[in-house]
Student: 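Below is the structure I would like to discuss, written out as structure tokens.
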There are 2 protein chains.
Amino acid sequence: MELTSTELSCGSCALSRICLPANLSARETRILAGAVERGRELQSGARLIRAGARMDALYVVRSGSAKSCGVMNDGEEYVRAFNLPGEVAGLEGFADGHHTCDLVALEPLRYCRIPLGRLERLMETLPGLRREVLRLLGQSLEEAQRMRTEVSMVDARGRLASFLVDLSRRLERRNLPPTHFRLSMSRRDIARHLGLTLETVSRSLGAFRSAGWVEVRARYIKLLQPKALAALLAH
Amino acid sequence: MELTSTELSCGSCALSRICLPANLSARETRILAGAVERGRELQSGARLIRAGARMDALYVVRSGSAKSCGVMNDGEEYVRAFNLPGEVAGLEGFADGHHTCDLVALEPLRYCRIPLGRLERLMETLPGLRREVLRLLGQSLEEAQRMRTEVSMVDARGRLASFLVDLSRRLERRNLPPTHFRLSMSRRDIARHLGLTLETVSRSLGAFRSAGWVEVRARYIKLLQPKALAALLAH
DNA sequence: CGTAAATTTGAAGTAATTCAAAATGCGTGG
DNA sequence: CCACGCATTTTGAATTACTTCAAATTTACG
């Protein structure tokens with residue numbers, strides 16, 4: 001039906017400026033849209049991707065949020081990334097065709113799915129898509145490497161500040177309030193992401209609160225002085 | 001001259017099983033080789049890539065070794081990776097067309113260079129090359145994410161053990177002695193790579209020596225009990 | 001409204017850092 | 001070849017940021 005197909009098309013999606021089609025021509029976007037499958041709504045805790053599974057598609061968060069996570073051999077969980085709407089997950093599967101971490105919904109989640117076979121065939125003919133996939137991979141790589149040096153060189157407060165400022169920026173890009181938001185992830189998830197314990201995350205947040213930089217009520221965060229947080233990053 | 005062109009061709013390069021052509025057909029390798037430029041020998045300390053520079057090519061170490069590094073805003077150096085022969089550097093530039101870290105020779109270094117324009121044109125027609133570049137990016141991403149969780153979850157000795165075991169594996173793949181090698185990087189470089197201080201690296205190596213797991217004489221390392229080191233990783 | 005989960009707060013312990021000095025290795029020129 | 005001097009590495013002692021363990025408090029949800 002006309003309406004449904006309009007809803008499905010990337011061209012009319014609110015995320016198109018952020019998502020994979022961001023830098024594609026209208027024509028390329030239309031063709032890509034033909035390969036995109038829309039997933040049904042998943043509930044919090046649902047697993048979109050499982051570590052070890054064959055990589056059969058790219059997944060894009062459409063609404064809600066997710067974490068890319070796994071467990072170390074000692075059973076400890078780690079969190080590689082949090083995924084907001086428009087962000088592509090599962091790219092690490094390009095390494096050997098298998099995923100190495102789970103993708104877990106943090107709240108009710110809708111997503112799009114681009115089967116790998118169709119993506120590869122489209123990349124053959126669409127140079128823009130080719131460039132975009134490379135850009136996406138490069139961006140994820142850059143981000144992972146930046147996070148790596150951050151975890152090893154910056155102290156707990158610096159890392160938490162960086163996390164909050166980065167999240168704020170990403171929300172802003174999505175036209176969501178950048179200074180007044182709800183964390184969809186637990187303190188434990190944040191800690192596992194930043195290489196800290198949940199107690200240290202809580203204490204650092206407490207320090208920001210005491211300094212008057214943020215307002216914290218459970219998972220609701222208000223950034224009162226984002227610049228003070230950003231200043232922590234400059235060291 | 002015939003000889004020179006033979007030397008230049010990827011097909012006859014000793015690294016072809018490890019390098020970019022690893023999974024390419026003979027035909028694709030031949031075509032790719034036509035786009036590869038051979039750099040002159042650089043001396044230790046020379047900078048192949050500069051952070052901030054426009055990404056104009058992919059660089060591959062042909063002999064010697066290099067580090068991918070940069071400086072934090074507080075002036076501290078960090079080391080994202082060490083690059084051995086056959087390893088491609090500068091992939092993070094795909095993010096926005098600019099490099100974000102330097103590539104510095106750790107010893108006399110020879111390299112190959114694949115201009116980006118030619119690479120992109122070749123990817124248009126060579127599906128194998130396309131897949132290989134994606135694989136390479138995926139692998140770098142996976143590696144960066146793995147390192148990130150390692151830095152945040154594993155203690156100093158575990159990280160150093162992981163570094164030595166990984167290096168050993170990479171040397172082995174290159175038909176170099178995996179248990180008896182010379183480190184081309186300083187303790188400081190290793191520390192900056194693992195998110196430690198050089199003193200901690202030295203002390204951890206000392207602990208391995210005391211345990212009879214390694215023999216250390218300056219930069220010469222002999223792995224006496226690689227399995228003991230590998231066991232540290234399993235936690 | 002009540003119970004389990006999540007978060008905060010507290011106190012003690014520890015691995016790694018920092019600062020400092022000694023020892024070793026390495027290249028250079030006598 | 002050996003001696004010199006500088007850079008790297010090792011070793012030592014004190015400090016500290018973060019963790020760990022434990023308990024109180026708040027929040028979420030049936």
Side-chain angles (χ1 to χ4, degrees), chain A residues 43-45 67 72 74-79 106-108 150-164 182-211 214-222 232 235, chain B residues 43-45 67 72 74-79 106-108 150-164 182-211 214-222 232 235:
Chain A
Q43 28 175 263
S44 182
K67 60 176 176 180
M72 297 280 289
D74 64 350
E76 273 302 321
E77 190 191 37
Y78 59 84
V79 177
L106 290 171
E107 51 190 326
E150 192 171 293
V151 165
S152 71
M153 323 253 309
V154 180
D155 67 10
R157 292 181 193 185
R159 277 182 255 172
L160 185 63
S162 169
F163 168 72
L164 291 173
R182 182 186 174 277
L183 297 172
S184 60
M185 66 293 287
S186 68
R187 300 284 190 272
R188 193 168 167 284
D189 287 333
I190 298 172
R192 287 314 181 223
H193 181 55
L194 300 178
L196 299 168
T197 59
L198 64 94
E199 291 96 331
T200 300
V201 168
S202 179
R203 275 185 258 264
S204 300
L205 260 183
F208 293 164
R209 195 170 34 71
S210 300
V214 301
E215 225 177 276
V216 185
R217 253 199 19 220
R219 293 196 177 182
Y220 290 90
I221 301 280
K222 204 180 285 189
L232 275 188
H235 222 257
Chain B
Q43 25 174 267
S44 182
K67 60 175 174 181
M72 297 280 289
D74 64 349
E76 274 300 321
E77 190 191 37
Y78 60 82
V79 177
L106 290 170
E107 52 191 324
E150 192 172 294
V151 164
S152 71
M153 321 252 312
V154 181
D155 67 10
R157 290 180 195 187
R159 278 183 254 173
L160 185 62
S162 169
F163 168 72
L164 291 173
R182 181 183 174 280
L183 298 171
S184 60
M185 67 294 285
S186 68
R187 299 284 191 273
R188 194 169 167 284
D189 287 333
I190 298 172
R192 287 317 181 218
H193 181 55
L194 299 178
L196 300 168
T197 59
L198 64 94
E199 292 97 329
T200 301
V201 169
S202 180
R203 274 186 258 265
S204 300
L205 259 184
F208 293 164
R209 196 170 33 72
S210 300
V214 301
E215 226 176 274
V216 185
R217 254 197 18 220
R219 293 195 177 182
Y220 290 91
I221 301 280
K222 206 181 284 189
L232 275 187
H235 220 258

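Per chain, numbering begins at 1; letters A, B, ... match sequence-line order.
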Student: Can you check whether Arg219(A) has a side-chain N or O nearer than 4.0 Å to OP1 or OP2 of dT7(C)?
Tutor: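 Result: yes.
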Student: Below the 4.0 Å mark, does dT19(D) have OP1 or OP2 next to a side-chain nitrogen or oxygen of Thr200(A)?
Tutor: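 Checking Thr200(A) against dT19(D): at least one side-chain N or O falls below 4.0 Å of OP1 or OP2.
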Student: dT17(C), dT10(D), dT9(C): which one has an atom nearest the side-chain heavy atoms of Ser202(B)?
Tutor: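 The nucleotide sitting nearest to the side chain is dT10(D).
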Student: Is there a donor-acceptor pair under 3.5 Å between the side chain of Arg182(B) and the backbone N or O of Arg219(B)?
Tutor: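 No; judged by distance alone, with no hydrogens or angles, the pair does not exist.
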Student: Can you tell me how far C1' of dC18(D) sits from CZ of Arg192(A), to the nearest Å?
Tutor: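 Atom CZ in Arg192(A) sits about 13 Å away from atom C1' in dC18(D).
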Student: How many whole angstroms separate atom CG of Asp74(B) from atom P of dT18(C)?
Tutor: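 Rounded to whole Å, this separation is 11 Å.
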Student: Given dT9(C), is OP1 or OP2 found less than 4.0 Å from the side-chain N or O atoms of Arg209(A)?
Tutor: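 Yes, within the criterion.
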Student: Give Leu198(B) one of three labels, base, sugar-phosphate or nothing, depending on what nucleic acid heavy atoms sit under 4.0 Å from its own.
Tutor: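 Contact class for Leu198(B): base.
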Student: Could you state the CG-P distance from Leu183(A) to dT27(D), rounded to the nearest angstrom?
Tutor: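 Those two atoms, CG and P, are 15 Å apart.
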Student: Where the side chain of Arg203(A) is concerned, which of dA13(D), dA16(C), dT9(C) is the nearest nucleotide?
Tutor: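 For the Arg203(A) side chain, the nearest candidate turns out to be dT9(C).
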Student: Closest-nucleotide mapping onto DNA chain D: is Gly195(A) or Arg182(A) further toward the 5' terminus? I mean the 5' end.
Tutor: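 Of the two residues, Gly195(A) wins.
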Student: On the nucleotide dT8(C), are OP1 or OP2 found under 4.0 Å from the side-chain N or O atoms that Arg187(A) carries?
Tutor: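 Checking Arg187(A) against dT8(C): at least one side-chain N or O falls below 4.0 Å of OP1 or OP2.
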Student: For a quick check of understanding: with a heavy-atom distance under 4.0 Å over all strands, which category does Arg157(B) fall into, base, sugar-phosphate or nothing?
Tutor: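 Arg157(B): no heavy atom of the nucleic acid under 4.0 Å.
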Student: The side chain of Ala218(B) is closest to which nucleotide in this list: dA16(C), dG25(C), dT9(C)?
Tutor: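 Out of dA16(C), dG25(C), dT9(C), the nucleotide with an atom closest to Ala218(B)'s side chain is dG25(C).
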Student: Ignoring the backbone of Glu199(B), work out which of dT17(C), dT9(C), dC19(C) is nearest its side chain.
Tutor: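 Ranking dT17(C), dT9(C), dC19(C) by closest atom to the Glu199(B) side chain puts dC19(C) first.
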Student: Please name the pair of heavy atoms, one in Leu198(B) and one in Ala191(B), separated by the smallest distance, quoted to 0.1 Å.
Tutor: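 Looking at all heavy atoms of both residues, the closest pair is N-CB, 3.4 Å.
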Student: Between C1' on dA15(C) and CG on Asp155(B), what's the gap in Å once rounded to a whole number?
Tutor: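 The answer, rounded to whole Å, is 8 Å.
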Student: Between dC26(C), dT20(D), dT17(C), which one does the side chain of Thr197(A) approach most closely?
Tutor: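 Of dC26(C), dT20(D), dT17(C), dT20(D) is nearest to the side chain of Thr197(A).
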